Number of protein chains: 2
Amino acid sequence: MNIGEVSKNTGLPAKTIRYYEDIGFVTPARGDNGYRSFSEKDQHKLVFLGRARGLGFSIEDCRTLMALYEDQGRASADVKRVAQKNLSEIDRKIADLQAMRGTLSHLVANCAGDGRPDCPILEDLGRS
Amino acid sequence: MNIGEVSKNTGLPAKTIRYYEDIGFVTPARGDNGYRSFSEKDQHKLVFLGRARGLGFSIEDCRTLMALYEDQGRASADVKRVAQKNLSEIDRKIADLQAMRGTLSHLVANCAGDGRPDCPILEDLGRS
DNA sequence: ATAAGGGTTCCAGTGACAGGAAGGTCAAGC
DNA sequence: GCTTGACCTTCCTGTCACTGGAACCCTTAT
């Protein structure tokens, strides 16, 4: 399969797939014309990677997960540890964003949003 | 004031303050020795910027907000619009993260996390 | 005189790609 | 056979908001 078809099948942009090759995640064969020739297995790896990225795993975590996926003798505890670390990260980000949201939505709610210059948002940002 | 003191007062790393000068956010005077010499106003701007960044505003949004802050004839509606756009962005990010969190926490909860290789997390990532 | 602790500039790296230029390849239609 | 257009290739740059580090200068205290 050429990169275009794999892109369509996996939902990943061709640019992204080339990048994934650059960083050694897949190593597709090459045809006589120099075109990448993806096997089913290559495509499957890309699907795996796309899903893992969609769950917020970093590329490095994906590399670890892929290695575990291909290791028949893995311990599920190793997988769970990586996933839990990611989950904690996600929780931290959500908490950060919700803290921002709290302050900001309060400020927005109190701003008249009319033609006058008085604005609690700017007052808050500029208070000494 | 030298950069070190401003850094301490504002909580911003010196590196960050230099960066903010690079992108034209502040333009501190220079002493004979070449050291940056920050005025109270410079420092106040940096505090403003630090707070706005802390609320998730982009640098470009901060530039807009700063301009509005210094414009006595501004309309609060202009400020509110910028803030609401940021709020929507934050909401979108929270929603994205919560979707991830939902799937991932479900998978983590169902993973034994022991020495056996069976793992619903990998099964989900690798399903065809 | 020296050492510590400021400060300066400039260059490179981060993460995970996206955009775009310049050019090669392939299949179809005329 | 020629052209057109879609597809592919590599390579370089840019994104965002910094951060780290090297190499060097200035100030103050001992």
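Computed from a predicted model, the values in this text were never measured in an experiment. Residue numbers start from 1 in every chain, and the chains themselves are labelled A, B, ... in the order their sequence lines are given, proteins ahead of strands.
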- Query: A/Ile23 near the nucleic acid: base, sugar-phosphate alone, or nothing, with a heavy-atom cut-off under 4.0 Å?
  - Reply: nothing
- Bend angle of the helix from C/dA1-D/dT30 to C/dC30-D/dG1, end axes from five pairs each (to 10°): 30°
- Message: Looking at A/Glu21 and A/Arg18, is any side-chain nitrogen of the basic one under 4.0 Å from a carboxylate oxygen of the acidic one?
- Response: no
- Message: Once ring pair (Phe, Tyr, Trp, His ring centres under 6.0 Å) is applied, do any residues pair with A/Phe48, and if so which ones, sequence neighbours excluded?
- Response: A/Tyr69
- Query: With sequence neighbours excluded, what pairs up with B/Lys15 under the salt bridge (charged side-chain N to carboxylate O under 4.0 Å, His left out) test?
  - Reply: none
- Task: Hey, could you give me each pair passing ring-ring contact (aromatic ring centres under 6.0 Å, His included) that has a residue in residues 72-116 of chain B? Not counting sequence neighbours.
- Result: none
- Item | side chain to side chain contact (heavy atoms under 4.5 Å, CB included) partners of B/Asn2, counting only residues at least two apart | B/Tyr35
- Query: Which is the 5'-most and which the 3'-most nucleotide of DNA chain C that has an atom under 4.0 Å from a heavy atom of chain A?
  - Reply: C/dA16 to C/dC26
- Message: I need the CD1-C1' distance between B/Ile3 and D/dT27, as an integer number of Å.
- Response: 17 Å
- Residues at least two apart in sequence or cross-chain that pass salt bridge (charged side-chain N to carboxylate O under 4.0 Å, His left out) with B/Asp71, listed by chain then number, are none
- Item | For atom CD of A/Glu5 and atom P of D/dC7, their distance in whole Å | 12 Å
- Item | Results of salt bridge (charged side-chain N to carboxylate O under 4.0 Å, His left out) for B/Lys8 - residues two or more places apart only | none
- Item | Sugar-phosphate only, base, or nothing, as touched by A/Arg36 at under 4.0 Å among non-hydrogen atoms | sugar-phosphate
- Before accepting this row, confirm whether a basic side-chain N of the pair B/Asp42/B/Lys45 lies closer than 4.0 Å to the acidic partner's carboxylate O. no
- Other residues, nucleotides, ligands: >12 heavy atoms within 6.0 Å of A/Arg92 CZ: yes
- Query: How many Å lie between CG on A/Asp32 and P on D/dC8, as a whole number?
  - Reply: 17 Å
- Note on the structure: Here the distance between atom C1' of D/dA6 and atom CG of A/Asn33, to the nearest Å, is 14 Å
- Query: Do A/Lys93 and B/Lys93 have side chains that get closer than 4.5 Å, going by heavy atoms?
  - Reply: no
- Message: Run the salt bridge (charged side-chain N to carboxylate O under 4.0 Å, His left out) test against A/Arg53 and tell me which residues pass, sequence neighbours left out.
- Response: none
- Item | With sequence neighbours excluded, residues passing side chain to side chain contact (heavy atoms under 4.5 Å, CB included) with B/Ala99 | none
- So, with a heavy-atom separation below 4.0 Å from DNA chain C, the residues of residues 89-101 of chain B are none
- Taking atom CD1 of B/Ile94 and atom CD of A/Gln98, what is their separation to the nearest 0.5 Å? 5.0 Å
- Item | Contact letters for nucleotides 15-25 of chain D, in which S counts primed atoms plus P, OP1 and OP2 and B counts the base, heavy atoms under 4.0 Å | --BBSBB----
